[in-house]
Protein chains: 2
Amino acid sequence: MARLPVYLRALGTFADRNVATVSSEELAGAAGVNSAKLRKDLSYLGSYGTRGVGYEVAYLRYQISRQIGLTQDWPVLIVGIGNLGQALANYGGFVSRGFRVVALLDADPARAGEVVAGLAVRPFADLSAVAAEHGPCIGVIATPASAAQQVAGALVAAGVRSILNFAPAVLAVPDSVDVRKVDLSIELQILAYHEQRKTARFVALDGPDDVRDPRFGAEVPAGAGFGGRP
Amino acid sequence: MARLPVYLRALGTFADRNVATVSSEELAGAAGVNSAKLRKDLSYLGSYGTRGVGYEVAYLRYQISRQIGLTQDWPVLIVGIGNLGQALANYGGFVSRGFRVVALLDADPARAGEVVAGLAVRPFADLSAVAAEHGPCIGVIATPASAAQQVAGALVAAGVRSILNFAPAVLAVPDSVDVRKVDLSIELQILAYHEQRKTARFVALDGPDDVRDPRFGAEVPAGAGFGGRP
DNA sequence: GTGACTTTGTGCATGCGTTCACATGAACCT
DNA sequence: AGGTTCATGTGAACGCATGCACAAAGTCAC
Ligand SMILES: NC(=O)c1ccc[n+]([C@@H]2O[C@H](COP(=O)([O-])OP(=O)(O)OC[C@H]3O[C@@H](n4cnc5c(N)ncnc54)[C@H](O)[C@@H]3O)[C@@H](O)[C@H]2O)c1
Ligand SMILES: NC(=O)c1ccc[n+]([C@@H]2O[C@H](COP(=O)([O-])OP(=O)(O)OC[C@H]3O[C@@H](n4cnc5c(N)ncnc54)[C@H](O)[C@@H]3O)[C@@H](O)[C@H]2O)c1
C-alpha cells in the first residue's frame, strides 16, 4: 500500500490539467505501474470507479486522501538541524501535502535560538514539551548516526510513534512505533551494483555470473584496508 | 539484494570495534533482519563463512564490497543545487562509502560559478562534457519536479545510466537506465497512514476495518477543495 | 585422535504480491 | 428499448521472498 501516495500525486497532475475522469490505463501510466495492479489496489479501498468510463479524478483523490489520513494536517518535528535538517525545514513540498513542520530541535547549544525557515531552533530538552503540545505527530531524525538511537529513544519516550530516520543506523524501538528509513548511501550502492554489472558486460561477454570465484579472496591487495584471508 | 549495503554498514561497526568474526545471529541483529535471511543472502555470494565459527569480518566486508562494486570509487554528479542539492554536496557520508561528487550542475545562471562544498557550480549545458570526462557515473536529480523529466532525458543523452531522483515525479527512461527514487512525501504519507490507524483505534475500538463505508463519499464538505460526488 | 558442540548452508513449505484474462456492469448510440 | 462498446473489478495461476528446521561441516577441548 506504499503506492497510494504515488497514485495521489498522479491524480494531482490530472486535476491540475482539469481532467475530470481518468481510466486505469492512463492513471497507471502516470504512476508508472501496471494497470491491473492499480485497479486491484484501488479495489481494496472500495468500488470508486465507473465501468466503461473510469475514475472521477476529484472523487478518487478525496477517497485516497482520506484512506491515507490526509484529511487532517500532521505535525512534523525535525531533530538535528544540520545540512539535511535545514534543507528539510526549508522544503515547501511538505505543507502542500498535508504536513506541517511545527518544531526544530538540536542538541547543539550554539544552534538554539537560530531561526531556520521561520522557526526558532529549540534545545533538545524541549522535546517532550513540544510533543505533548501537538499530540500525535511524526518525528524526523536528521542527526549523525551515532546519536540516532538515543534520539529515537527520546522521541518514543515523548510519545512519538512514527519516525522517519535519515541517519544510517538501525533503530531499536517498541513494536508499537513505526520507523521508516531513508538512506542515500544504500540507494547509491544499489545503483552502483547495477552499474557495475552493466559495465562488466562489456568486459566479459559471457555475463557476470562468474564473480563468485572464491579465488578472488586471495587477490586482495595487502594495503587495501580490508585485509586478505589469512 | 537491497540488503547487502545494510550488512556492509553493520560489518563496519563490528570492524570499528575490532571484532574479528561475527555469527549470523549477531550480524543479523545489527542489521535488523532475520538470521536465516542473512545466511541465505550471503550464500548467494558464495560460502564465505566457517561452520561452527561465523564470518570473518574483514573478509566478508571485502567480498560484499566487491559484489556491490565498491572496489572502485563511483563519480556522482548532482543536478539542481538548491536546498537539497547543497545538503547533498556537503554530505561527507558519500565519500566514505565509495562515492565521490565530481560535479554540481544548475540551470540558474546566477548560481553558476558559486562554490559549494569546494566545487564550483557549473551551467547545465556542461553536462555532456562532464559525463564524457568521468565515464560511467551516477546522476542525482535534485531539481523541482517540473524539470525532472527534462533533466533525466539530458542525463540519458549524456550517457548516464544510473539515476537517483529526489523530485516527486515519475521518470520515463529507456530500459537500459536504472532509476531509483527517494520521495520524502511518500515516506511521510505512509507514516501518516499507520499513525491514523493507531489513533483511530482509540476512537473506534472495533478496529479501523470499517473505513471502507461508501457513505463517507457523501460527507465531503462542499468547500473542502476536492468536491463531492455529483 | 575422538567426541561434543557450535554455526553455517539449504531443502521445503508457507504466504504474499503480481499479472493475465475474463466476466460484470454501466453508458451511449441508433 | 436493444445492442454495442468500453473499462472496471476480480478469479486464478504464477513466481518470488521469507522463515523454519535440520543436516553437513568444521572447531575446540581433552
Ligand atoms: N546531508 C545530507 O545530504 C545527508 C545525506 C544522507 C544522509 N544524511 C544523514 O543525515 C544525518 C544528518 O546529516 P547532516 O549532513 O545534516 O549532518 P550535520 O552534522 O550537518 O547535522 C547534524 C546536526 O545534528 C545535531 N545533533 C547532534 N547530536 C544530536 C543529538 N543527540 N540530538 C539532537 N541533535 C543532535 C548537530 O548539532 C547538528 O546540527 C546524518 O546521519 C547523515 O548521515 C545526510
Ligand atoms: N529540500 C528538501 O528537503 C526536499 C525534500 C524532499 C524532496 N525534495 C525535492 O527535491 C527537489 C529539490 O528541492 P529543493 O528544496 O532543493 O528545491 P530548490 O528550489 O531549492 O532547488 C532547485 C534547484 O534546481 C535548479 N533547477 C531548476 N530547473 C533546473 C534545470 N532544468 N536544470 C538544472 N537545474 C535546475 C534551480 O536553479 C534550483 O537551484 C524538489 O523536486 C523537491 O521536491 C526536496
In whole angstroms, the gap separating C1' of C:dG9 from CG of B:Leu45 amounts to 13 Å
According to a strict under-4.0 Å criterion, is B:Tyr55 in side-chain N/O contact with OP1 or OP2 of C:dG9?
yes
Test side chain to side chain donor-acceptor pair (under 3.5 Å) on B:Tyr193 and B:Gln189 and set out the steps.
CA-CA 6 Å; B:Tyr193 170 75; B:Gln189 287 177 25; over 6 Å; no
Earlier contact from the 5' end, DNA chain C, for B:Lys40 and B:Ser24
B:Ser24
Out of curiosity, A:Leu88 CG to A:Ile78 CD1, how far, rounded to the nearest 0.5 Å?
5.0 Å
How close or far is atom C1' of C:dT6 from atom CD of B:Glu26, stated in whole angstroms?
12 Å
Do B:Leu77 and B:Leu155 have side-chain heavy atoms sitting under 4.5 Å apart?
yes
Starting from the C-alpha separation in whole Å, work towards a yes-or-no answer on side chain to side chain contact (heavy atoms under 4.5 Å, CB included) for B:Tyr55 and B:Arg39.
CA-CA 10 Å; B:Tyr55 299 91; B:Arg39 287 199 299 275; 3.9 Å; yes
Could you walk me through whether A:Val151 and A:Leu105 pass side chain to side chain contact (heavy atoms under 4.5 Å, CB included), step by step?
CA-CA 11 Å; A:Val151 170; A:Leu105 302 167; over 6 Å; no
Determine, stepwise, if the pair A:Trp74 / B:Gln196 fulfils side chain to side chain contact (heavy atoms under 4.5 Å, CB included).
CA-CA 10 Å; A:Trp74 291 99; B:Gln196 183 200 33; 4.0 Å; yes
Does B:Arg3 have any side chain to side chain donor-acceptor pair (under 3.5 Å) partners at least two apart in sequence or in another chain, and if so, which?
B:Tyr7, B:Asp41
Which donor-acceptor pairs under 3.5 Å do side chains of residues 177-186 of chain B form with protein atoms, sequence neighbours excluded?
| residue | atom | partner | partner atom | Å |
| --- | --- | --- | --- | --- |
| B:Asp178 | OD2 | A:Lys198 | NZ | 3.3 |
| B:Arg180 | NE | A:Glu187 | OE1 | 2.4 |
| B:Arg180 | NH2 | A:Glu187 | OE1 | 3.2 |
| B:Asp183 | OD1 | B:Ser185 | N | 3.0 |
| B:Asp183 | OD1 | B:Ile186 | N | 3.2 |
| B:Asp183 | OD2 | A:Arg9 | NH2 | 2.2 |
| B:Ser185 | OG | A:Arg97 | NE | 3.3 |

Could you walk me through whether B:Val76 and B:Phe94 satisfy the side chain to side chain contact (heavy atoms under 4.5 Å, CB included) test, starting with their C-alpha distance in whole Å, then the side-chain angles of each, then the deciding distance to 0.1 Å, before giving a yes or no?
CA-CA 9 Å; B:Val76 173; B:Phe94 292 152; 6.0 Å; no
5'-most to 3'-most nt of DNA chain D touching chain A (<4.0 Å, heavy-atom partner on protein side) reads D:dC6 to D:dA12
The residue, A:Gly54 or B:Arg3, whose nearest nucleotide of DNA chain D is more 5′ is A:Gly54
Using whole Å, what does the distance between atom C1' of nucleotide C:dT6 and atom CG of B:Leu27 come to?
17 Å
Do A:Phe14 and A:Leu27 come within less than 4.5 Å of each other through their side chains, counting heavy atoms only?
yes
Just how far, in rounded Å, is P of C:dG9 from CG of B:Leu42?
8 Å
Return the 5'-most residue of the pair A:Asp41, B:Arg39 with respect to DNA chain C, ranking by each residue's nearest nucleotide.
B:Arg39
Mind listing the residues from residues 29-38 of chain A sitting with a heavy atom below 4.0 Å of DNA chain D? Number order is fine.
none
Can you list the stems that include DNA chain D, where a stem is three or more consecutive Watson-Crick or G-U pairs with distances under 3.5 Å?
C:1-30 with D:1-30
According to side chain to side chain donor-acceptor pair (under 3.5 Å), who are the partners of A:Ser162, at least two apart in sequence or on a separate chain?
B:Glu195
